[in-house]
Amino acid sequence: MNGMQQNQEGTPSVPENRIPERSEGQSTAKPRIHPLIVFLVLVGLAGFAAVLAFFPAKSSELLMSLSYGRGIVNGTISLGAEPFSLILGNFWANPHWLFDVLAFLALRLDHYEGFVLIACKSLFISFSVVFLIAKFCWQFPNLSPLIALLAAMGLLAASPYFETNSHAIAFPMILFLIGLLLARSEANSKIPWNLCLVLLMAIWANLDSSFVFGIVAWLLFVILPEDRISKRNNFLIWLAALITCFAHPFPGRGLIEIPEILAPIGEVSKRMDSQVVDRLFESGLSLQRFSSNQLALNPAGLAFPALIILGIASFSLNSKACKTWKLPVFLLALGLAAYRHKAIPIFCGIAIPVACLNLIQMAAINEKWSEISRKGGVFSLLLLVIASLLSLPGFLHGSGVNHRTPGWGLSLRDSHKALAEFMAKDHLRYPGNALIASLGYPDHAAYVAWFAPGVRTFVDPRLHLFASNYGNFAAMVEALAKPDSTNSNQ
């Protein structure tokens, strides 16, 4: 019945594992929003996503990635080798080796200016959002204004974490995954979505350790929907996707290790500055984060709790969705964000399609939602344009005097760069500089990795790798720094 079913009372209901379809009779009997408005809304959403993601790279993790990618391309680093730290041994199962290589190649394309690197990140995020939302908007044009605003809210909440590093891959990849799963659930599709799904998981498994979240989302999507007509085929495709996760250089370590953004840091949290630890690893729902942390005291930070409220409201208005894959995936993603704020983009990637699907299913039962949305087409377009303009001077991410404005390239600290360049020249004469550079502030080690290739430091931004031995190392350094211990050695 064109994707629609009738319940005992004669009210149309929607299968939970596919996008509901609108009948031809309804399309001619009721007013529809103009297709040009739908197109402009999608363009406005794509532009908003691009502006939010287009800013200079300032994460020290990127320097580590670029250094690793440069070593792989130049042949100075081999896959599986530990190239940076002196206390981690000789092996490292790098879960984002492919991202590191691609990031370095993109940076090298424009002679290390960084425009291509930032543009690729911005386009990738923008395209992933449009890929998911466009089908909703064209199939349900009257709902396109509300759908676009829901997606914009999720984008804004995730945007503080659109840094140029491998962890940012999780947000667009989740959007691609759910978009492919929804497209595949349509029986009349002639595109080989099964192959696309398997390829997506194989690529994701080499880009970042967050692909584990994709496996969980996929599994829940397969086993929970009520319509089990293609249950066997679903299982085989899920199994094929799981097998592709072994298609990378570190199959065993890649599946048993905790994703980096959630990995515990153990002794590091006891020895490092508490403010640094809180900034990196605090809960996404921490009240302190919304009272003192500059990441949260702005529209982008406040969009996260607003998205939680919208997601919960969508379930309360569409109670049938609580029996499907949507609720477990939503709660799982919310739990991850509550555990650590770095998982907020993963929650946003789940919350956007879940809220949109709940809205679509509500509108299939109650037409007032479609009518409200249809009348707000131009208004939603204006909101997207205004939000994009406000993001240009950094007002959506600003807190006090700190604003994030569009740009490209690498945003580097001159003092860190100078130290790394000094170590590149004199590391043989002053080997202790490697120790000093990485103990007090791990970001120093990232600068050393990029500006002083071949110089191995001690503690670097990969803090989860030092969870078990950081305490002993720090105690040794502190003992050597004491005057009496120096005198005794003499």
Side-chain angles (χ1 to χ4, degrees), residues 16-18 65 68-69 72 78-81 91-103 124 127-128 131-132 166-187 189-225 227-263 324-326 328-329 332-333 336 343 345-346 349-350 353 464:
E16 298 293 346
N17 68 329
R18 65 180 61 186
S65 293
Y68 192 91
I72 294 295
S78 59
L79 287 174
F91 178 77
W92 177 38
N94 184 357
H96 44 77
W97 70 272
L98 182 58
F99 171 86
D100 297 350
V101 171
L102 294 177
F124 184 60
F127 182 77
S128 67
F131 174 81
L132 175 70
S166 64
H167 307 325
I169 291 291
F171 176 76
M173 280 297 187
I174 286 176
L175 295 181
F176 277 125
L177 174 65
I178 295 181
L180 288 173
L181 287 170
L182 293 173
R184 178 182 168 272
S185 67
E186 298 183 9
S189 178
K190 298 180 180 180
I191 301 177
W193 296 118
N194 292 344
L195 177 61
C196 295
L197 283 166
V198 173
L199 290 176
L200 177 73
M201 291 305 299
I203 295 174
W204 193 355
N206 289 275
L207 290 175
D208 188 61
S209 57
S210 60
F211 75 94
V212 175
F213 305 133
I215 295 177
V216 175
W218 189 328
L219 178 60
L220 293 176
F221 187 94
V222 170
I223 66 176
L224 290 181
D227 184 3
R228 300 184 181 275
I229 297 176
S230 58
K231 179 180 178 180
R232 181 175 180 274
N233 190 32
N234 276 334
F235 175 77
L236 292 177
I237 295 302
W238 178 82
L239 183 61
L242 183 61
I243 293 174
T244 61
C245 296
F246 290 87
H248 61 91
F250 321 104
R253 299 286 292 271
L255 287 178
I256 64 175
E257 290 185 348
I258 301 176
E260 289 186 29
I261 60 174
L262 298 180
T324 66
W325 61 272
K326 302 184 191 68
V329 173
L332 175 62
L336 294 176
I346 297 175
I350 294 293
H464 64 286

Is any side-chain heavy atom of [Y] closer than 4.5 Å to one of [X]?
| X | Y | value |
| --- | --- | --- |
| Pro249 | Asn206 | yes |
| Asp208 | Phe99 | no |
| His248 | Trp204 | no |
| Leu175 | Met173 | no |
| Ile203 | Phe176 | no |
| Ile346 | Ile261 | yes |
| Ile350 | Phe213 | no |
| Val216 | Leu332 | yes |

Is there a side chain to side chain contact (heavy atoms under 4.5 Å, CB included) between Trp218 and Val329? Walk through the geometry before answering. CA-CA 10 Å; Trp218 189 328; Val329 173; over 6 Å; no
Please assess Leu197 against Leu177 for the test side chain to side chain contact (heavy atoms under 4.5 Å, CB included), listing each intermediate value before the final yes or no. CA-CA 7 Å; Leu197 283 166; Leu177 174 65; 4.0 Å; yes
Taking all heavy atoms of [X] and all of [Y], pick out the closest pair and write down the distance.
| X | Y | value |
| --- | --- | --- |
| Tyr68 | Ser78 | OH-O, 4.1 Å |
| Phe211 | Met201 | O-CE, 3.8 Å |
| Gly349 | Ile178 | O-CD1, 4.2 Å |
| Pro328 | Leu220 | CB-CD1, 4.0 Å |

How many angstroms lie between atom [atom1] of [X] and atom [atom2] of [Y], to the nearest 0.5 angstrom?
| X | Y | atom1 | atom2 | result |
| --- | --- | --- | --- | --- |
| Phe124 | Phe171 | CZ | CZ | 11.0 Å |
| Ser128 | Ile169 | OG | CD1 | 9.5 Å |
| Leu132 | Leu180 | CG | CG | 9.5 Å |
| Thr244 | Leu239 | OG1 | CG | 10.0 Å |

Okay, side chain of Ser209, backbone of Glu260: is any donor-acceptor separation there less than 3.5 Å? yes
Going through the checks in order, is the side chain to side chain contact (heavy atoms under 4.5 Å, CB included) test met by Asp100 and Ile72? CA-CA 9 Å; Asp100 297 350; Ile72 294 295; over 6 Å; no
